[in-house]
Amino acid sequence: MDHPSLMDTVRTSSPTDAASFLRRGQLVAFPTETVYGLGADVFQPEAVESIFEAKGRPADNPLIVHLATLAQVPAVAAEVPTTANRLLEHFSPGPLTLILPKHPDVPSVVTAGLDTVGVRLPRHEAARAFLRACDTPVAAPSANRSGRPSPTTWEAVAEDLDGRIACILQGGRTEAGVESTVLDCTTDPPVVLRPGAVSVEALEGIVGAVRVGDSEGDEAAKSPGTRHRHYAPTARVHLIQEPAEVEQSAAVGYIGLSEPDRKAAFRDCHVVPDVETYARDLFHFFRECDRSGCTMIFAQTVPDDGLGRALNDRLRRAAAR
Ligand code: TXA
Ligand code: MG
C-alpha cells in the first residue's frame with residue numbers, strides 16, 4: 001500500500017491554529033489566490049519530505065517557497081537579480097513565482113536537489129495571516145494528490161488528502177483557479193517555465209522581453225514539474241475548437257465559451273462567459289464531472305493570449321495521456 005497511516009485531519013478557519021500544526025512539523029493545507037497549497041516548514045526537512053509522501057509526488061519535482069514578507073527573501077535566496085527585484089516590487093504579493101539562486105541553508109529536499117529556489121508571496125488574506133503566524137518560510141505544492149486537478153475549495157483538498165495531513169485551513173473558493181506563473185530569473189531575459197495567473201503581457205510591461213519556455217525542450221528539464229502529466233480528472237479530456245466537434249452520449253461533460261447544441265444531453269455542461277471564469281472554474285468542473293461519473297469531457301480551447309495561455313496549457317496537460 002502507498003497509504004501512510006491515517007490520521008485525523010483537523011479543519012479550522014483560524015490561521016494561528018493552523019500555523020501551530022506547521023510549527024510542530026506537520027502538514028497544513030491553506031488557501032491562496034490561485035489554488036490551495038500543502039505547506040510544511042522549509043527548515044524541517046522531514047516535514048517537507050512528508051509532503052511528497054502525502055501527495056504521491058515524484059521526488060524530482062521541486063516545491064515553491066511561500067513567504068509572508070519581502071524581508072524573508074534573503075533567508076531563502078542567495079541573490080536577487082535586478083529584474084527579479086523589479087518584478088517583486090510590482091507583482092508581490094500575488095500569483096508570481098520567481099526562480100532565484102538558492103540560499104545554502106534551504107534543505108535540498110525543498111528544491112529537489114536544484115541550486116535554484118522558487119519564491120512566492122501570496123496575496124490571499126488568510127494565506128498571509130497563516131504565513132505570518134508560521135513565522136518561517138513555507139514549502140508548498142498544490143494540495144492535491146499528484147496528477148489530479150489542483151484544489152480550488154477546501155472540500156477538494158479533503159477529497160484528496162483527508163487522513164494524510166494534519167490540518168486544513170478552511171477558506172472559500174479560490175479566485176484565480178490556475179496556479180502562479182513560474183518565471184526563471186536566473187537567465188537574461190527571464191524565461192516563463194509555467195504560464196499562470198500573471199500573463200506574459202503583464203510581465204513584459206514591467207521588464208521588457210521575456211522568453212516563453214517550450215514545455216518539450218530545455219525548459220522542461222529546468223522545471224521538472226512540467227514534465228509530468230497533470231491537472232487531470234479520471235474522465236478522458238478531449239480538446240475541441242468548436243462545440244460542433246462534440247460527440248454526445250450519456251456520460252459526457254462539456255466546458256467552453258461557446259454554447260453547444262442540445263445542452264441538456266450532457267451530464268455536466270458549463271458554458272462560461274469569459275476566460276477568467278473559465279480558469280476559475282476549470283478544476284472545480286473536472287472534479288464535479290468525476291463525481292457524477294462522466295467518462296469523457298469535451299473542453300474548448302481559447303485564444304492563446306493573456307490568461308488564455310495558462311488555461312490552454314492546463315487543458316493540454318489534462319488531455320495528455
Ligand atoms: O499557485 C501556485 O503556484 C500554487 C500555490 C499553492 O502557491 N503552487 C503550485 O505548486 O502550483 P506546484 O508544486 O503544484 O507547482 C510548482 C511548479 C512545478 O512545476 C515545479 O516544477 C516548479 O513550480 N518549480 C518549483 N521550484 C522550482 C525551481 N527551483 N526551478 C524550476 N521550477 C521550479
Ligand atoms: Mg501542482
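Whatever order the structure lists ligands and atoms in, that order sets their numbers, starting from 1. Owing to the predicted nature of the structure, the values given are computational and were not obtained by experimental measurement.
- Salt bridge Asp160/Arg287: present, at least one basic N to carboxylate O contact under 4.0 Å.
- In summary, the atoms of ligand 1 found under 4.0 Å from a heavy atom of Gly37, numbered by their order in the structure, are 6 (C).
- Residue Arg120 places at least one N or O, backbone or side chain, under 3.5 Å from an N or O of ligand 1.
- Within 6.0 Å of atom CZ in Arg236, 12 or fewer heavy atoms from other residues, nucleotides or ligands are found, so the atom counts as exposed in its surroundings.
- Checking Ser142 against the Mg ion (ligand 2), an N/O/S atom falls under the 2.8 Å cut-off.
- Numbered from 1 in the order shown, with element, the atoms of ligand 1 that lie under 4.0 Å from a heavy atom of Leu193 read 31 (C).
- The shortest heavy-atom distance from Thr116 to ligand 1 is under 4.0 Å.
- The pair Arg11-Asp162 counts as a salt bridge, with a side-chain nitrogen and a carboxylate oxygen less than 4.0 angstrom apart.
- Here the rule is side-chain hydrogen bond (donor to acceptor under 3.5 Å, both in side chains) with Thr32, and of Arg120, Glu179, Arg128 only Arg120 fits it.
- Of all the atoms in ligand 1, the ones that sit under 4.0 Å from a non-hydrogen atom of Leu114 are 28 (C), 29 (N), 30 (N).
- When only modelled atom types and interatomic distance are considered, Ser20 and Asp17 share no side-chain donor-acceptor pair under 3.5 Å.
- For Asp105, the CG atom is densely surrounded, since the number of other residues' heavy atoms within 6.0 Å is greater than 12.
- Judged purely by distance below 3.5 Å, without hydrogens or angles, the side chains of Ser180 and Thr97 pair a donor atom with an acceptor atom.
- Checking Gly213, Ala127, Ser180 against atom 2 (C) of ligand 1, the nearest heavy atom belongs to Ser180.
- Here Asn312 contributes atom CG and Asp305 contributes atom CG; the two are 9.5 Å apart, rounded to the nearest 0.5 Å.
- Comparing Gly113, Ser142, Pro101, Ser150 by heavy-atom distance to atom 9 (C) of ligand 1, the nearest is Ser142.
- Residue Tyr36 has no nitrogen or oxygen atom sitting less than 3.5 Å from a nitrogen or oxygen atom of ligand 1, judged on distance alone.
- Neither the backbone nor the side chain of Lys102 has a heavy atom within less than 4.0 Å of ligand 1.
- In summary, Arg317 and Asp313 engage in a salt bridge, as defined by a charged side-chain N under 4.0 Å from a carboxylate O.
- Geometrically, ligand 1 and Arg194 share a nitrogen or oxygen pair separated by less than 3.5 Å.
- If you look at Glu33 next to ligand 1, there are no close heavy atoms at all, none under 4.0 Å.
- Heavy-atom contacts from other residues, nucleotides or ligands closer than 6.0 Å to NE2 of His238 number 12 or fewer.
- With a 4.0 Å cut-off on non-hydrogen atoms, Val182 touches ligand 1 through its side chain and not its backbone.
- Against a heavy-atom cut-off of under 4.0 Å, His66 is close to the following atoms of ligand 1: 5 (C), 6 (C), 7 (O).
- Contacts between Leu63 and ligand 1, counted as non-hydrogen atom pairs separated by less than 4.0 Å, involve the backbone only.
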